[in-house]
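Atoms considered below: every heavy atom in the structure, side chains included; atoms not considered: hydrogens, waters and symmetry mates. For the single chain, residues carry numbers from 1 onward in sequence order.
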Amino acid sequence: MLTPSERQKVLEQLHTLATGDVVRLWRSASGADLDSRAFRALIVEAYPEIASQYASVAADLATEWYNASAPELAYQAAPAAAAPVEQYAANARYALTVPGPAALSQLSGALQRAVGSGARDTIEENVVSEGGSRWARYASATACAFCRVMSSRGAVYSSMEAATSVVGRGKEMSASDRRARARGENRDDRHRFIA
């Protein structure tokens, strides 16, 4: 089974291949003026096919990785559906608002998102479908102390919402409870835990 860093490398290589296809498309159409309607129409028509193909490949790779991560389970992962073609076309139209060849860089960034989303959506959908899965909190290098501590707990959260948000106690504390907590107490007069 691939380690997370190896899996990331595979996704990066997939993005490189996808970008190569878009560069070839760009060069084949670059005989026309980059600002012409014909050039724009060709890119907006052809780009979504490239993006959806590579997003589907990423989803298939994520499915294989998910199934290999716990072969003893009866659950079999399924790839997530690719984003709607119109979303990819909108990405291409947006990228073409950047003047000249810099639009190609914008298309490459959109491809990276498409590939990453294909893999990410597959894993998230299968985690939710499988049931019983646990979530871990991730803290960046610049995270606050609280987030770093919460991420050190590992995969103890029962849902993505629990892992990615900070929730309260669910019960308001009275002023006397707060004072008792401040003194280091954790039980009230009747020996119940303070909220």
Side-chain angles (χ1 to χ4, degrees), residues 1-30 32 34 37-98 101-138 140 155 157 159-161 163-164:
M1 187 175 101
L2 295 175
T3 66
S5 60
E6 291 170 336
R7 195 172 151 275
Q8 184 63 35
K9 279 272 195 228
V10 169
L11 291 176
E12 288 170 7
Q13 291 170 347
L14 192 60
H15 171 245
T16 300
L17 292 172
T19 300
D21 283 355
V22 169
V23 167
R24 281 187 283 287
L25 168 67
W26 187 275
R27 287 183 180 153
S28 70
S30 65
L34 294 182
R37 287 186 186 193
F39 175 79
R40 290 174 179 278
L42 177 63
I43 297 296
V44 169
E45 183 180 330
Y47 173 80
E49 185 175 327
I50 294 170
S52 70
Q53 285 177 353
Y54 281 97
S56 294
V57 170
D60 290 342
L61 290 171
T63 302
E64 289 179 27
W65 177 82
Y66 194 96
N67 289 332
S69 66
E72 69 279 357
L73 296 178
Y75 179 81
Q76 288 296 302
V85 172
E86 183 50 41
Q87 179 180 331
Y88 296 133
N91 290 342
R93 283 192 294 276
Y94 177 76
L96 291 171
T97 63
V98 176
L104 187 55
S105 177
Q106 291 285 329
L107 286 172
S108 177
L111 268 175
Q112 187 173 21
R113 279 190 307 279
V115 168
S117 292
R120 197 172 27 257
D121 292 349
T122 295
I123 291 170
E124 286 180 7
E125 286 179 17
N126 284 289
V127 164
V128 170
S129 296
E130 183 178 4
S133 297
R134 297 311 226 172
W135 293 80
R137 190 176 186 123
Y138 168 77
S140 70
Y157 300 98
S159 68
M160 181 168 59
E161 291 78 24
T164 59

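In this structure the side chain of Tyr47 never reaches within 4.5 angstrom of the side chain of Arg93, judged on heavy atoms. The closest side-chain heavy-atom distance from Val128 to Glu124 is not below 4.5 Å. No side-chain heavy atom of Thr122 sits under 4.5 Å from any side-chain heavy atom of Trp65. Using a 4.5 Å heavy-atom cutoff, the side chains of Leu73 and Glu130 are in contact.
Across all non-hydrogen atoms, the minimal contact from Ser69 to Pro71 is C-CD, 3.8 Å. Residues Ala103 and Ala95 share a closest heavy-atom pair of CB-O, 3.1 Å. Of all heavy-atom pairs between Ala80 and Ala59, the closest is O-CB, 3.9 Å. In this structure, Ala29 and Phe39 approach most closely via the heavy-atom pair O-CD1, 3.3 Å. Nearest heavy-atom pair, Ser129 versus Tyr75, reported as atom, atom and distance to 0.1 Å: CB-OH, 3.3 Å. The two residues Ala82 and Tyr88 have their closest heavy-atom pair at CB-OH, 4.3 Å.
Looking only at distances, a side-chain donor or acceptor of Asn126 sits under 3.5 Å from a matching main-chain atom of Ala78. Side chain of Asn67 to backbone of Ala77: a donor-acceptor contact under 3.5 angstrom is found. Between the side chain of Gln87 and the main chain of Pro84, no donor-acceptor pair closer than 3.5 Å is present. The backbone N or O of Tyr54 lies less than 3.5 Å from no partner atom in the side chain of His15, so there is not a single donor-acceptor pair.
Interatomic distance, CD of Gln8 versus CG of Leu2, reported as 11.5 Å (0.5 Å rounding). The distance from the CG atom of Leu17 to the CD1 atom of Ile50 is 12.0 Å, given to the nearest 0.5 Å. Taking CG of Leu107 as the reference point, atom CG of Leu96 lies at 6.0 Å (rounded to 0.5 Å). The distance from atom OG1 of Thr16 to atom CG of Asp21, rounded to the nearest 0.5 Å, is 11.5 Å. The structure places CG of Leu14 at 11.0 Å from CD of Gln53, a figure rounded to the nearest 0.5 Å.
Looking at Glu64 and Arg7, no side-chain N of the basic residue comes within less than 4.0 Å of a carboxylate O on the acidic one, giving no salt bridge.
Atom CD of Glu49 has 12 or fewer heavy atoms from other residues, nucleotides or ligands within 6.0 Å. Counting non-hydrogen atoms of other residues, nucleotides and ligands closer than 6.0 Å to OH of Tyr94 gives a total of 12 or fewer.
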Next on the checklist: Run the side-chain contact (heavy atoms from CB on, under 4.5 Å) test on Tyr66 and Val127 for me, step by step, so that the C-alpha distance in whole Å, both residues' side-chain angles and the decisive distance to 0.1 Å come before the verdict.
Outcome noted: CA-CA 9 Å; Tyr66 194 96; Val127 164; 3.7 Å; yes

